[in-house]
Amino acid sequence: HITDVRHARDCAGEDAYIFTPHAEALKPGHPSFVDNMVLFHRLWRARVPVIVREARGRISWTPAVMRRVTKQYREDRDNDAKKKAQDAAQKRGGGSGEERGEDMEE
């Protein structure tokens with residue numbers, strides 16, 4: 001659930017809302033990382049300003065870098081899930097068919 005949206009006023013005095021995530025919320029491993037990154041990308045594509053709070057150091061916040069970080073996180077998460085499933089299957093005495101030689105060509 002995304003809560004880092006702040007009320008603001010634009011130049012004409014109209015109500016506006018700005019996404020202001022904390023830098024920690026945009027790091028892989030944070031519980032709302034994926035939701036925050038999806039919103040970040042959507043807003044950047046629409047050229048809507050995003051203010052990242054507590055962004056320090058030499059971090060690149062360009063959309064290309066953020067896209068790469070998100071992709072890497074998703075790949076790592078998927079690989080971890082596959083490994084856990086394989087480990088669980090091995091503990092049950094199963095293992096994959098490939099490990100038992102079922103998928104090998106002669």
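Treat the numbers as computed from the prediction; the structure is a model and nothing was measured.
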Undergrad: Between the main-chain N or O of Leu26 and the side-chain N or O of Asn36, is there a donor-acceptor pair closer than 3.5 Å?
TA: no

Undergrad: Taking the side chain as every heavy atom from C-beta outward, state whether Val38 and Val34 have any atom pair closer than 4.5 Å.
TA: yes

Undergrad: My understanding is that only residues two or more places apart in sequence, or in another chain, count here; which of them pass side-chain contact (heavy atoms from CB on, under 4.5 Å) with Ile18?
TA: Ala8, Thr20, Ile51

Undergrad: For Arg45, enumerate each residue passing the side-chain contact (heavy atoms from CB on, under 4.5 Å) test, keeping only those at least two apart in sequence or located in another chain.
TA: His41, Arg42

Undergrad: Among all residues two or more places apart in sequence or in another chain, which pass the side-chain contact (heavy atoms from CB on, under 4.5 Å) test with Ala64?
TA: Thr62, Arg67

Undergrad: Holding to salt bridge (Lys or Arg N to Asp or Glu O under 4.0 Å), I want the full list of residues that pass it with Asp87, two or more places apart in sequence or in another chain.
TA: Lys83

Undergrad: Under the side-chain hydrogen bond (donor to acceptor under 3.5 Å, both in side chains) rule, collect the residues that match up with Glu75, sequence neighbours excluded.
TA: none

Undergrad: Closest heavy-atom contact between Arg53 and His22?
TA: NH2-N, 3.5 Å

Undergrad: Can you name the salt bridge (Lys or Arg N to Asp or Glu O under 4.0 Å) partners of Arg77, sequence neighbours left out?
TA: none

Undergrad: With rounding to the nearest 0.5 Å, note down the distance linking NZ in Lys71 to CG in Asp76.
TA: 11.5 Å

Undergrad: Look up atom CD in Glu24 and atom CZ in Phe33, then write down how far apart they are to the nearest 0.5 Å.
TA: 12.0 Å

Undergrad: Run the side-chain contact (heavy atoms from CB on, under 4.5 Å) test against Pro49 and tell me which residues pass, sequence neighbours left out.
TA: none

Undergrad: I need the Arg92 CZ to Gln90 CD distance, nearest 0.5 Å.
TA: 10.5 Å

Undergrad: What closest approach, in Å, do Phe40 and Phe19 show between heavy atoms, and which atom pair accounts for it?
TA: N-CE2, 4.0 Å

Undergrad: Just so I know, are the side chains of Pro21 and Val50 near enough to count as touching, which here means a heavy-atom distance under 4.5 Å?
TA: yes

